[in-house]
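Owing to the predicted nature of the structure, the values given are computational and were not obtained by experimental measurement. Throughout, numbering of the chain's residues begins at 1 and tracks the sequence. Numbering of ligands and ligand atoms starts at 1, following listing order.
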Amino acid sequence: MSTLQPATFFGSSYRGRFAPSPTGPLHLGSLATALGSWLDARAHQGKWLLRIEDVDGPRSLPRATTTILHQLSACGLQWDEELIYQSQRTSYYETALLQLFQAGLAYTCTCSRQQIMSALAAQGSHSERHEELIYPRICRPIQIPHSLANSEFFNLASPVAWRLALQAEELKQSVGDFVLRRADGFFNYQMAVVVDDAAQNITHIVRGADLASNTARQVYLQGVLGYPTPHYLHLPLVLDQRGEKLSKQTLATAIATENPQLTLQALQAAANHLGLANLSNHHHLTIAEWLHAATHAWREQKI
Ligand code: GLU
Ligand code: ZN
């Protein structure tokens with residue numbers, strides 16, 4: 001009898017991840033994302049990696065990271081491989097920015113928000129207060145000169161923003177030349193997430209639907225940086241009574257993991273949200289048993 005089987009039976013090459021921003025403890029919404037991505041990875045016999053997205057220095061709370069790690073461990077959502085922190089990966093983002101600059105795809109911008117709004121108003125395009133502004137390309141060179149496409153002009157010391165010189169028509173209409181690195185030196189989420197998903201060889205991204213509108217930008221960046229594009233699955237958001245996304249702003253309460261019973265309740269609530277309602281009569285299970293049952297349920301639901 002042959003023992004040869006297709007490679008997938010020995011464990012697949014699936015690599016998923018959970019990438020929380022440490023702005024507060026996990027609430028029901030972020031637990032649902034963590035659980036959904038964990039279940040999808042386990043159902044595929046894949047790996048599940050964890051990345052702390054503290055790229056936005058001033059908005060990240062070190063205490064939140066400690067709490068999130070503690071909550072995940074209590075829930076039995078154990079991650080594989082090394083945990084990475086975006087705050088320690090600036091040099092990788094700089095290398096990617098240099099690559100875009102050398103390809104003539106990145107330029108510096110000194111516009112203030114006020115200048116951008118005035119330019120947009122002068123063009124007759126109005127923008128709502130909270131909408132992302134579509135940059136009117138004031139600082140974009142007609143063509144990024146070839147002589148400039150040289151690393152000696154690549155100066156990260158000056159406090160200017162770096163923008164992507166978009167070539168794609170559709171993105172030009174919807175988001176415009178978006179910022180890659182801010183004037184304060186912090187890299188923007190799109191850049192960091194794309195560099196890190198590639199660095200961690202992520203094949204499957206399972207995340208909240210609130211991030212779906214970023215996907216086109218991320219796929220575009222993957223293309224110009226020569227990275228592969230992973231599969232994307234966006235999970236429905238957990239909404240509060242007013243129909244708003246749960247977040248720190250809407251005072252979503254932290255999930256309680258003080259004891260296994262509370263932890264199971266939190267996991268069950270997250271699973272209900274993911275449509276795995278059949279698990280509700282499994283309250284006598286340990287967390288490990290519950291996760292095992294949930295993995296089966298996830299696999300069946302997805303087929
Ligand atoms: N750090 C992002 C957040 O917590 C998630 C990034 C992603 O999954 O692509 O909203
Ligand atoms: Zn500018």
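- Within the cation-pi definition used here (under 6.0 Å to the ring centroid, within 45° of the axis), Arg181 qualifies as a partner of Phe187.
- In this structure, CG on Leu267 lies 6.0 Å from CG on Leu77, to the nearest 0.5 angstrom.
- Of the residues listed (Asn214, Thr33, Thr215), the one engaging Arg207 in a side-chain hydrogen bond (donor to acceptor under 3.5 Å, both in side chains) is Thr215, and it is the only one.
- Each of the following atoms of ligand 1 lies closer than 4.0 Å to a heavy atom of Val193: 9 (O).
- The single protein non-hydrogen atom nearest to atom 8 (O) of ligand 1 is Arg17 NH1, 2.6 Å, given as residue, atom name and distance.
- A side-chain hydrogen bond (donor to acceptor under 3.5 Å, both in side chains) with Asp54 is found for one member of Ser21, Ser60, Ser87 and no other, namely Ser87.
- Counting backbone and side-chain atoms alike, Tyr135 contributes an N/O/S atom closer than 2.8 Å to the Zn ion (ligand 2).
- Here's the thing with Ala19: one of its N/O atoms is less than 3.5 angstrom from an N/O atom of ligand 1.
- With a 4.0 Å heavy-atom cut-off, ligand 1 is reached by no atom of Ile205.
- In summary, the aromatic rings of Phe154 and Trp162 are positioned with their centroids under 6.0 Å apart.
- With the Zn ion (ligand 2) at the apex, Cys139 SG and Cys109 SG define an angle of roughly 130° (rounded to 10 degrees).
- Among protein heavy atoms, the minimum distance from atom 3 (C) of ligand 1 is reached at Ser21 OG, 3.4 Å.
- The only member of Lys47, His204, Arg51 that meets side-chain contact (heavy atoms from CB on, under 4.5 Å) when paired with Arg17 is Arg51.
- The closest non-hydrogen atom to atom 2 (C) of ligand 1, taken over Glu53, Arg207, Arg51, comes from Glu53.
- A cation-pi contact links Arg89 to Tyr92, judged by a cut-off of 6.0 Å to the six-membered ring centre and 45° from its axis.
- Proximity of Tyr189 to ligand 1 is established by a heavy-atom distance of less than 4.0 Å.
- Of the protein's non-hydrogen atoms, the one nearest atom 10 (O) of ligand 1 is Leu211 CD1, 4.0 Å.
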